[in-house]
Amino acid sequence: MKFRNFKMVDYVVYGSGCFDQLGEILAPRRKGDAPMIFFVDEYFQDKTAFLSRIPLQGKDKIVVIDVTYEPKTTTVDKIRDELKAEFGEVSGIIGIGGGSVMDMAKAVALMMTNLGSSADYQGWDLVKVPGVYKVGIPTISGTGAEVSRTCVLTGPTRKLGMNSDFTPFDQIVLDPSLTKTVEPNQRFYTAMDCFIHCVESLTGTYLNAFSQSYGEKAQELCEEIFLQKEVWDDDADEKLMMASYAGGMSIAYSQVGVAHAVSYGLAYLLGTKHGIGNCIVFDKLEEFYPDGVKKFKEMVKKHNIDIPQGITKGLTDEQFDTMINVSLGMAPLWENALGKDWQQIMTRERLRKLYEKL
């Protein structure tokens, strides 16, 4: 029997205020005068108090990442080319922001040392050369991007990650105080990414004791925060950050399922952000995840969250086919959800009807 021997994050620091240790953490990783490049979510571009805490030295540079759309292979290649033209080599890439910024940091770090376009590496274990040193610092909790072995990119023909043992961060900095200013709706959508991929992992065919242990704890924390708590406080920020970490660890040895597979199609065609896309899809998946969807709807009601409806109304057959093709390309997700015979269960016709519900 073959067991997965997967790569994890090398170093983890956790605690409110630990972001201020970043300079100390980076110091031994600097290579001469080659700079550290800080990818910062555009949310922070005018937050001078926060930007002043970034430990810039020498030729270090802050690159503001536009998160209007999720990361594209063309953007990854462009930033890589600009950094190489300006500096030749860099000491490392530090991603500070949500899942999109962290995925961008992972992708660019890999492409600093791998030839060609990032689109050439969309898939499983296609990356063969380690990237430059990379650090992930989440400022919103839920995606699990800080611990995953993928960085999800939208390419010319598909939305698919660079899944490899070289993709995980070398270091992550988990500072709950960085998530305090997240707007409640956005916090909910991103947190539900965590809750949903726990439900998918815990009900999937790939489940084992490793993924179950992390998944159950992450789901328990999400339910405590969103169903039991009456007010949002520091304790909620701390527990949601740990739920995100544990949820990401759960799918490291398992997989996600139907909601994620379907939401990739929405993201590719309509540009729907990952968190809200998962919510839109999961809201209609009672037949696959009855218990999880019931709890999800309770959370939505309790927190007065708006889940968009009717977003696929009026799409053409060609557009539906595009979404279906992208979704069905996520074979491991479908196999985890439905088993090895998933192609007989999730036909194009059935998937079309599911998309029409959205």
Side-chain angles (χ1 to χ4, degrees), residues 8-26 38-44 47-55 65 67 94-103 105-106 134-148 168-198 214-252 274-275 299 302-303 305:
M8 298 168 66
V9 172
D10 290 345
Y11 290 92
V12 181
V13 59
Y14 170 85
S16 185
C18 69
F19 178 78
D20 293 326
Q21 293 177 221
L22 184 58
E24 177 186 339
I25 289 169
L26 297 180
F38 298 85
F39 287 5
V40 178
D41 194 305
E42 62 183 348
Y43 171 82
F44 295 105
K47 306 291 191 295
T48 54
F50 175 76
L51 295 176
S52 69
R53 296 171 63 192
I54 296 176
I65 302 298
V67 294
I94 296 88
I96 305 172
S100 291
V101 176
M102 288 189 286
D103 280 353
K106 287 191 278 190
K134 52 192 179 296
V135 180
I137 306 175
T139 61
I140 185 171
S141 298
T143 68
E146 63 272 22
V147 292
S148 75
F169 285 114
D170 299 293
Q171 169 82 56
I172 58 175
V173 177
L174 303 180
D175 185 341
S177 70
L178 299 182
T179 67
K180 289 184 183 301
T181 58
V182 178
E183 185 271 328
N185 265 36
Q186 184 58 54
R187 180 174 61 206
F188 183 88
Y189 294 139
T190 308
M192 286 304 101
D193 184 18
C194 175
F195 175 76
I196 290 166
H197 69 224
C198 287
Y214 282 105
E216 286 178 345
K217 185 59 181 179
Q219 185 171 335
E220 173 190 317
L221 287 169
C222 287
E223 291 176 12
E224 176 186 344
I225 295 163
F226 289 100
L227 288 178
Q228 298 173 25
K229 277 185 172 290
E230 296 303 323
V231 295
W232 197 270
D233 54 14
D234 290 349
D235 178 68
D237 281 323
E238 292 170 5
K239 287 179 175 175
L240 184 55
M241 181 160 277
M242 290 315 302
S244 179
Y245 176 87
M249 288 297 296
S250 175
I251 59 174
H274 186 66
M299 295 178 192
K302 180 178 175 68
H303 293 272
I305 301 297

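Everything quoted here is computed from the prediction, not taken from an experiment.
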Trainee: Do Val147 and Met8 have side chains that get closer than 4.5 Å, going by heavy atoms?
Mentor: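 No, side chains not in contact.
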
Trainee: Determine, step by step, whether Val135 and Leu26 satisfy the side-chain contact (heavy atoms from CB on, under 4.5 Å) criterion, reporting the C-alpha distance in whole Å, the side-chain angles of both residues, the deciding distance to 0.1 Å, and the verdict.
Mentor: CA-CA 9 Å; Val135 180; Leu26 297 180; 4.0 Å; yes

Trainee: Quick check: closest heavy atoms across His197 and Gly248, and the distance to 0.1 Å?
Mentor: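 Where His197 meets Gly248 most closely, the heavy atoms are NE2-N, 3.9 Å.
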
Trainee: How far apart are the closest heavy atoms of Val67 and Ser100, and which atoms are they?
Mentor: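 Minimum heavy-atom separation between Val67 and Ser100: CG1-CB, 4.2 Å.
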
Trainee: Would you compute the distance between atom OH of Tyr11 and atom CD1 of Ile25 and round it to the nearest 0.5 angstrom?
Mentor: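 Those atoms lie 11.0 Å apart.
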
Trainee: Can you give me the closest heavy-atom contact between Pro55 and Phe38, atom names plus distance?
Mentor: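 Smallest interatomic distance, heavy atoms only, reads O-CZ, 4.2 Å.
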
Trainee: Apply the test side-chain contact (heavy atoms from CB on, under 4.5 Å) to residues Ile137 and Leu22: give CA-CA distance (whole Å), side-chain angles for both, the deciding distance (0.1 Å), then the verdict.
Mentor: CA-CA 10 Å; Ile137 306 175; Leu22 184 58; 3.8 Å; yes

Trainee: Locate the shortest heavy-atom distance separating Phe169 from Ala105; write the atom from each residue and the value.
Mentor: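 Residues Phe169 and Ala105, closest heavy atoms: CE2-CB, 4.3 Å.
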
Trainee: How long is the span from the CD1 atom in Ile172 to the NZ atom in Lys134, to the nearest 0.5 Å?
Mentor: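 One gets 12.5 Å once the value is rounded to the nearest 0.5 Å.
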
Trainee: Can you tell me how far CG of Leu174 sits from SG of Cys18, rounded to the nearest 0.5 angstrom?
Mentor: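 That separation rounds to 6.5 Å.
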
Trainee: Would you mind reporting whether Leu51 and Val40 have side-chain heavy atoms less than 4.5 Å apart?
Mentor: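 They are in side-chain contact.
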
Trainee: So, Thr179 side chain and Ile140 main chain: donor-acceptor pair closer than 3.5 Å or not?
Mentor: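 Judged by distance alone, no pair lies under 3.5 Å.
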
Trainee: Tell me, do His274 and Asp103 make a side-chain contact under 4.5 Å, heavy atoms counted?
Mentor: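 No, every pair of side-chain atoms sits at 4.5 Å or beyond.
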
Trainee: Is the Phe188 ring parallel, tilted or perpendicular to the Phe226 ring (thresholds 30°, 60°)?
Mentor: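 The arrangement is perpendicular - the two ring planes meet at more than 60°.
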
Trainee: Can you check whether Val101 reaches Ile96 side chain to side chain, under 4.5 Å on heavy atoms?
Mentor: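 The answer is no; the side chains never approach within 4.5 Å.
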
Trainee: Specify the closest pair of heavy atoms between Met102 and Ala145, including all atoms of both residues, with the distance to one decimal.
Mentor: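 Taking Met102 first and Ala145 second, the nearest heavy atoms are CE-CB, 3.9 Å.
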
Trainee: Between Lys106 and Glu146, is the closest basic N to carboxylate O distance under 4.0 Å?
Mentor: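 Here Glu146 does not pair with Lys106 in a salt bridge, since their nearest N and O are not under 4.0 Å apart.
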
Trainee: Do Thr190 and Val182 make a side-chain contact, defined as non-hydrogen atoms from C-beta onward lying under 4.5 Å apart?
Mentor: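 Result no, sub-4.5 Å side-chain heavy-atom pair not found.
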
Trainee: Which heavy-atom pair separates Cys194 from Cys222 by the least distance, and what is that distance?
Mentor: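 Nearest pair, atom of Cys194 first, then Cys222: SG-SG, 3.8 Å.
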
Trainee: Give every residue pair that meets the salt bridge (charged side-chain N to carboxylate O under 4.0 Å, His left out) criterion with at least one member in residues 174-190, sequence neighbours excluded.
Mentor: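 Listed by first then second residue: Lys180-Asp234.
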
Trainee: Can you tell me how far apart CD (Glu238) and OG (Ser141) are? Round to the nearest 0.5 Å.
Mentor: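 Atom-to-atom, Glu238:CD and Ser141:OG are 10.5 Å apart.
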
Trainee: So does Tyr14 have more than 12 non-hydrogen atoms from other groups sitting under 6.0 Å from OH?
Mentor: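 Yes, because the 6.0 Å sphere around OH of Tyr14 holds more than 12 heavy atoms from other groups.
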
Trainee: What is the distance from atom OG1 of Thr48 to atom CZ of Arg53, rounded to the nearest 0.5 Å?
Mentor: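 Reported value, rounded in 0.5 Å steps: 12.5 Å.
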
Trainee: Where do Ile54 and Phe19 land on the side-chain contact (heavy atoms from CB on, under 4.5 Å) test, with the steps shown first?
Mentor: CA-CA 9 Å; Ile54 296 176; Phe19 178 78; 4.1 Å; yes

Trainee: May I have the step-by-step check of side-chain hydrogen bond (donor to acceptor under 3.5 Å, both in side chains) for Lys47 and Thr181, ending in yes or no?
Mentor: CA-CA 12 Å; Lys47 306 291 191 295; Thr181 58; over 6 Å; no

Trainee: Would you say the side chain of Asp235 lies within less than 4.5 Å of the side chain of Lys229, judging by non-hydrogen atoms?
Mentor: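 Yes, side chains in contact.
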
Trainee: Decide yes or no for Val173 and Ile94: does some side-chain heavy atom of the first lie under 4.5 Å from some side-chain heavy atom of the second?
Mentor: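 No, side chains not in contact.
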
Trainee: What I'd like to find out is whether the side chain of Met241 reaches to under 4.5 Å of the side chain of Pro138, using heavy atoms alone.
Mentor: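 Side-chain contact under 4.5 Å: yes.
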
Trainee: Between Phe50 and Tyr43 (judged by ring centroids, cut-off 6.0 Å), do the two rings come close enough to count as a pair?
Mentor: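 Judged by ring-centre distance (under 6.0 Å), Phe50 and Tyr43 do not meet the cut-off.
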
Trainee: Can you check side-chain contact (heavy atoms from CB on, under 4.5 Å) on Leu221 and Leu240, steps first, answer last?
Mentor: CA-CA 7 Å; Leu221 287 169; Leu240 184 55; over 6 Å; no

